[in-house]
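Here the structure is a predicted model, which is why all the values come from computation and not from measurement. Counting starts at 1 for both ligands and their atoms, following the listed order.
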Amino acid sequence: MVKRDRLADTFRFLVEIDSVSKEEAAISKEIQKILESMGAKIFIDNAGDRAGGNTGNLIARFEGNAAAPVLLLNAHMDTVQPGKGVKPILKDGIFTTDGTTILGADDKSAIAILLETIRILHENDLPFGPIELVFTICEEIGLQGAKHLDFSLITAKYGYALDATDTEGIITRAPAANKVEFKVHGKDAHAGAAPEKGINAIFLASQAIAGLEIGRIDRETTCNIGIIEGGIATNIVPNLVTVKGEVRSHDEEKLMEITDRFVSGFKTVLENYKKATGEEDLPRLEFQVESDFYRTHIPEDHPVVTLAREAAENLGRKMITKTTGGGADANIFFEKGIITGVLGTGMRDMHTVRESIKLDDMVEVVELLVEIITLHAKKAS
Ligand SMILES: [Zn+2]
């Protein structure tokens, strides 16, 4: 049923349209045209204004021909850099680039797969219930599209995001994450003439960082310092440094515990300095802890899992539940009460210029989705 060449053409067409984060308007227009030609009702929300992009999330609704609970299907339209002027190469059944850009299979393989799936449902007059396709913006810059999605436009209570590698896996567990930001205020002074009049903010921040446990804390918990900004010149004692990091865990309590350790690490270093020097106002700590996304945990017996498993079995394939350490739009949907499992498309080496995808894998995922959707409709009726 899957038209392999058509799927390849759609994929090639999509990756040739530049759509780095905040610049998804061009690709969104093309996807809209295709969806409208298939009879979808289209909505664009105002997430673009809020995320600083040139268009919003694209939501397309198909009523279907069978009575079944609404299914959500999601992919993101944006890519990372270097993502402009992509020249896809298809050789021996594998898409790559010329090595100067990413491919954008993350996540345009998903978009191509979803479009082909809807085409097949229509062409073959297969039974399917209502479908809500959600194509988000700005996923790669902190799930900004999903975070600002107009959820009043969505009625689905569960569904699938396509944004992973493994075509025989469904991600059902993702960690919660906190973002942390510290500003250490010290005092500036001439580093050569009067260093004793200064308080070195960078030195204090480094002491705090050196006392932290970083990287993998345990099987389900990680933490990282990712950005340090501060200082003006080598001959000035720096009066300000900003340190940004994150903590992730599948366990909410551990998330809080490690986040607290981060904060108290900085506090202690600054307090000790004050005690030792008798200083009162400086150094001063400003910090911010922000929840980035919540924990996702889909039970094994949820329809999202059982449906995917049964569909895979019908096709003679495996479907195993998986845990990820990463964040995706699905985490935000889950937080809003839409139980969203993440399926793979076959994409490999994402976020690198070596990114690739096998056409065969994309074909298999279309087959899987068609099976999931028709099975879902049959079960409901
Ligand atoms: Zn992605």
For D106, the N, O or S atom at the shortest distance from the Zn ion (ligand 1) is OD1

Given Y158, Y160, F128, the one that forms ring pair (Phe, Tyr, Trp, His ring centres under 6.0 Å) with H376: Y158

Hydrophobic cluster mates of I332, side-chain heavy atoms under 4.5 angstrom, ILVMFWY only, any path? F43, I59, L72, V134, L143, L149, F151, L153, I154, F293, F333, I338

Considering only residues two or more places apart or on different chains, which pairs with a residue in residues 148-176 satisfy salt bridge (charged side-chain N to carboxylate O under 4.0 Å, His left out)? D166-K322

Does E279, at its CD atom, have more than 12 non-hydrogen atoms belonging to other residues, nucleotides or ligands within less than 6.0 Å? yes

Check all N, O or S atoms of D163 and name the one closest to the Zn ion (ligand 1). OD1

Would you check if the Zn ion (ligand 1) lies under 2.8 Å from any N, O or S atom of D107? no

